[in-house]
Novice: 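The structure's right below; bear with me while I get my questions together.
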2 protein chains.
Amino acid sequence: MDPKEILKAHILKTATLTDKEFDYLFSHFKLKSFKKGQAIISEGDKVDHEYFVISGCLKAFFINDEIKMYILQFAMPTWWTSDYGALYNHTRATISVDCISNAEVLCLSNDDREKICGEIHQAEHFFRWRTNRGYLASQKRLLSFMNNDTKARYEELLAMYPQLYNLVPKHLIAAYLGVSRETLSRLYNGQK
Amino acid sequence: MDPKEILKAHILKTATLTDKEFDYLFSHFKLKSFKKGQAIISEGDKVDHEYFVISGCLKAFFINDEIKMYILQFAMPTWWTSDYGALYNHTRATISVDCISNAEVLCLSNDDREKICGEIHQAEHFFRWRTNRGYLASQKRLLSFMNNDTKARYEELLAMYPQLYNLVPKHLIAAYLGVSRETLSRLYNGQK
DNA sequence: TGCAGAATGTGATGTACATCACCTAAGCCC
DNA sequence: GGGCTTAGGTGATGTACATCACATTCTGCA
């Protein structure tokens with residue numbers, strides 16, 4: 001399906017834009033293709049874009065002490081991702097983004113987003129709504145972390161995104177859940 | 001200090017509003033006072049307001065199995081709080097809010113916020129920015145949960161909000177950190 | 001096609017934390 | 001001011017998980 005139509009359908013769910021306004025908005029996006037394993041944002045990079053996934057699957061992750069990786073988000077089609085902390089505060093990336101599979105993304109610069117938000121009220125409305133949705137998801141995940149054990153979080157994740165089971169290696173799922181790959185392995189193979 | 005001036009200073013940091021626009025915005029807020037221990041939102045309530053703290057300290061929390069409490073947020077002056085999930089999705093409250101100390105808050109209904117956001121572009125801008133800030137804080141806390149042990153999270157919390165140490169009973173700090181009160185007690189008293 | 005590296009399984013052991021049980025000290029209320 | 005509630009400390013014990021170590025596939029690619 002056409003990237004432009006995917007983005008359009010996504011935005012029009014929340015905001016009311018004329019065709020002309022949407023075309024103007026869309027003219028600020030750039031389509032890029034990435035290969036499996038390729039990095040989009042690496043730790044220490046200057047960050048000035050955010051990314052809307054058209055196809056494939058990305059991960060946004062943090063690496064601690066150059067050893068442990070924690071996955072903040074698997075980004076699937078119609079999801080947005082970036083290191084938003086670095087993007088908004090104009091600091092260097094602490095969160096990295098790369099491709100779990102081949103992927104196509106639409107890139108939007110921070111400056112362009114802010115410009116468009118100033119020019120088109122409904123665009124600002126859309127981005128408010130989108131951020132709000134991210135905030136609620138993040139809060140829900142935080143609660144799940146405090147409240148549920150690993151097994152429950154694992155089942156919750158697979159219930160929400162069944163595709164992940166085949167798409168994503170298990171050690172990445174462990175990194176999302178915040179446990180070691182060994183523990184995850186023992187969890188779903190008998191050995192209780 | 002005057003509630004109106006506190007809110008005005010808070011909003012004008014991010015958005016550009018004329019006095020007339022701000023007065024109009026402010027006319028939708030209602031000031032309320034609450035006593036220490038009083039509930040603002042209880043589990044199961046219909047939620048249709050969010051709250052801007054003028055003075056005092058609130059907590060937003062979740063209770064699991066009618067037993068364990070997890071604190072999502074301590075809300076201090078100039079912070080916003082509510083059960084945003086229930087507020088936006090028009091569902092019943094799963095998150096409760098009550099007062100750790102006597103408090104004054106400005107109440108804004110969801111309907112009024114949406115109305116004003118539609119009418120005043122800069123108001124929408126402010127609320128986008130505010131949500132964004134909440135999203136980043138939530139993501140940071142999530143990372144801290146995965147990455148740091150309890151002691152590090154405790155020190156991080158006190159470094160960020162030194163007032164909490166005297167203002168808030170220790171078992172509430174434990175509920176924020178997601179550990180038992182016993183563990184927290186052992187942490188900062190010698191017994192390593 | 002054959003080999004290197006990645007992904008995964010599984011045992012042994014250590015540790016941070018929960019839980020239960022009980023104790024002390026400090027508000028608070030009629 | 002005596003009793004009740006709430007906050008907080010501390011020991012004993014159990015458990016979920018990390019970590020280390022190694023074995024076993026699987027997979028991409030030269």
Side-chain angles (χ1 to χ4, degrees), chain A residues 34-39 56-57 59 61-71 74 98-102 143-158 164-192, chain B residues 35-39 57 59 61-71 74 98-102 143-158 164-192:
Chain A
F34 292 92
K35 296 276 177 203
K36 178 174 175 177
Q38 217 179 331
C57 180
K59 66 176 194 281
F61 60 100
F62 173 80
I63 290 187
N64 159 255
D65 302 332
E66 327 247 310
I67 296 180
K68 282 199 213 166
M69 176 179 64
Y70 298 104
I71 293 181
F74 292 114
D98 68 17
C99 301
I100 293 178
S101 63
N102 291 344
L143 257 186
S144 179
F145 243 93
M146 297 201 274
N147 192 27
N148 299 130
D149 63 14
T150 303
K151 187 164 192 183
R153 292 208 311 286
Y154 174 65
E155 279 157 10
E156 190 178 64
L157 177 66
L158 287 194
L164 283 182
Y165 188 83
N166 294 312
L167 186 59
V168 173
K170 306 270 183 289
H171 72 272
L172 293 184
I173 292 184
Y176 181 91
L177 297 174
V179 294
S180 68
R181 55 169 202 84
E182 293 96 328
T183 295
L184 181 62
S185 165
R186 283 187 252 263
L187 252 181
Y188 56 77
N189 298 317
Q191 196 199 119
K192 214 201 74 186
Chain B
K35 295 276 178 202
K36 178 175 175 173
Q38 215 178 332
C57 179
K59 67 176 193 280
F61 59 101
F62 172 79
I63 290 186
N64 160 253
D65 303 330
E66 329 246 309
I67 297 179
K68 283 198 212 164
M69 176 179 65
Y70 298 104
I71 294 180
F74 292 114
D98 69 16
C99 302
I100 293 178
S101 64
N102 291 345
L143 257 187
S144 179
F145 243 92
M146 297 202 273
N147 192 27
N148 299 131
D149 63 14
T150 302
K151 186 163 192 184
R153 293 209 310 286
Y154 174 65
E155 279 157 10
E156 189 177 63
L157 177 67
L158 288 194
L164 283 181
Y165 189 83
N166 294 313
L167 186 59
V168 172
K170 306 270 183 287
H171 70 272
L172 293 186
I173 292 183
Y176 181 92
L177 296 174
V179 293
S180 67
R181 55 170 202 83
E182 293 96 327
T183 294
L184 182 63
S185 164
R186 281 186 255 262
L187 253 182
Y188 55 78
N189 297 316
Q191 196 200 120
K192 212 201 76 182

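Quantities reported herein were computed from a predicted structural model and do not represent experimental measurements. Residue numbering restarts at 1 for every chain, and letters A, B, ... go by the order of the sequence lines.
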Novice: Rounded to whole angstroms, how far apart are CG on Leu187(B) and C1' on dT10(D)?
Specialist: 14 Å
Novice: Can you check whether Lys170(B) reaches Tyr188(B) side chain to side chain, under 4.5 Å on heavy atoms?
Specialist: yes
Novice: Any sub-3.5 Å donor-acceptor pair from Arg153(A)'s side-chain atoms to Leu177(A)'s backbone N or O?
Specialist: yes
Novice: For dG8(D), does either OP1 or OP2 sit under 4.0 Å from a side-chain N or O belonging to His171(B)?
Specialist: yes
Novice: Using the side-chain heavy atoms of Asn189(B), tell me which of these nucleotides is nearest: dG9(D), dA7(D), dT8(C).
Specialist: dG9(D)
Novice: Nearest-nucleotide wise, let me know which of Lys36(B) and Gly178(B) is further upstream toward the 5' end of DNA chain C.
Specialist: Gly178(B)
Novice: Could you please name the option among dG8(D), dG9(D), dG9(C) that lies closest to any side-chain atom of Ser185(B)?
Specialist: dG9(D)
Novice: Do Asn189(A) side-chain atoms and Ser185(A) backbone N/O form a donor-acceptor pair below 3.5 Å?
Specialist: yes
Novice: Round to the nearest Å and state the distance from Ile173(B) atom CD1 to dT6(D) atom P.
Specialist: 19 Å
Novice: Starting at CG of Leu172(B), measure out to CZ of Phe74(B) and round the result to the nearest 0.5 Å.
Specialist: 5.5 Å
Novice: Quick check for you: among dG8(D), dA18(C), dA18(D), whose closest atom lies nearest to any side-chain atom of Pro169(B)?
Specialist: dG8(D)
Novice: Roughly how many Å is it from CZ in Phe145(B) to P in dA16(C), rounded to a whole number?
Specialist: 18 Å
Novice: Can you find a donor-acceptor pair, distance only, under 3.5 Å between Arg181(A) side chain and dG9(C) base?
Specialist: yes
Novice: To the nearest 0.5 Å, what is the distance between CG on Asn102(B) and NZ on Lys35(B)?
Specialist: 5.5 Å
Novice: To the nearest Å, how far apart are Leu172(A) CG and dA6(C) P?
Specialist: 13 Å
Novice: Once you round it to whole Å, what is the distance between C1' of dA25(C) and NZ of Lys170(B)?
Specialist: 14 Å
Novice: Among dA18(C), dT10(C), dC17(C), find the nucleotide with the atom closest to the side chain of Thr150(B).
Specialist: dC17(C)
Novice: What is the distance from CE of Met146(A) to C1' of dA18(C), rounded to the nearest Å?
Specialist: 16 Å
Novice: It should be established whether Lys68(B) places a side-chain nitrogen or oxygen under 4.0 Å from OP1 or OP2 of nucleotide dT19(C).
Specialist: yes
Novice: Can you see if the side chain of Thr183(A) gets near the phosphate of dA18(D) - specifically, an N or O under 4.0 Å from OP1 or OP2?
Specialist: yes
Novice: How many Å lie between CG on Leu184(A) and P on dG9(C), as a whole number?
Specialist: 8 Å
Novice: Select one nucleotide: of dC17(D), dT8(C), dT10(D), the one nearest the side-chain heavy atoms of Glu182(B).
Specialist: dT10(D)
Novice: Between the base of dG8(D) and the side chain of Arg186(B), is there a donor-acceptor distance below 3.5 Å?
Specialist: no
Novice: Please state whether the phosphate of dT8(C), meaning OP1 or OP2, lies under 4.0 angstrom from any side-chain nitrogen or oxygen of Tyr188(A).
Specialist: no
Novice: In whole angstroms, how far is the C1' atom of dA18(D) from the OH atom of Tyr70(A)?
Specialist: 10 Å
